[in-house]
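Predicted model only: the values in this text are computed from it and were never measured.
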Amino acid sequence: MSNRTIWNVMKTYNEEGVYYQVLPYNVHVIYDILRSRRGGLLAVIKFLRNSRWSEAKACRLAKEKNGLLKVR
């Protein structure tokens, strides 16, 4: 496996409510989720749906989810 980074847009909460932020992960996390008993394939799919291979694209997705950017 490679040492690539995948950027995940994760839902967090602050005093104003829901906030989406971009967090970097090593690609090995996908294998670890798939391998774990609680994770499985559905957990990997959910993780990948909110992930992007570039930080710029992940930031754009986070802005869309935070309502700062209009969705096409």
Please table the atom pairs, donor to acceptor, closer than 3.5 Å between any side-chain atom in residues 9-17 and protein atoms at least two apart or in another chain.
| from | atom 1 | to | atom 2 | distance (Å) |
| --- | --- | --- | --- | --- |
| T12 | OG1 | Y19 | O | 2.9 |
| N14 | OD1 | E16 | N | 3.0 |
| N14 | OD1 | G17 | N | 3.1 |

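Residues satisfying the ring pair (Phe, Tyr, Trp, His ring centres under 6.0 Å) criterion with Y20, sequence neighbours excluded, are absent altogether.
In terms of hydrophobic clustering, with Ile, Leu, Val, Met, Phe, Trp and Tyr side chains grouped at heavy-atom distances under 4.5 Å, L61 and L48 are assigned to different clusters. No path of Ile, Leu, Val, Met, Phe, Trp and Tyr side chains, each step under 4.5 Å between heavy atoms, connects V22 with F47, placing them in separate hydrophobic clusters.
No side-chain heavy atom of N26 sits under 4.5 Å from any side-chain heavy atom of I6. W7 is listed as a side-chain neighbour of T5, based on a closest heavy-atom distance under 4.5 Å.
Pairs engaging residues 43-56 under the side chain to side chain donor-acceptor pair (under 3.5 Å) rule: N8-S51, N50-K65 [sequence neighbours left out].
Considering SG of C59 and CG of L68, their distance stands at 11.5 Å, rounded to 0.5 Å.
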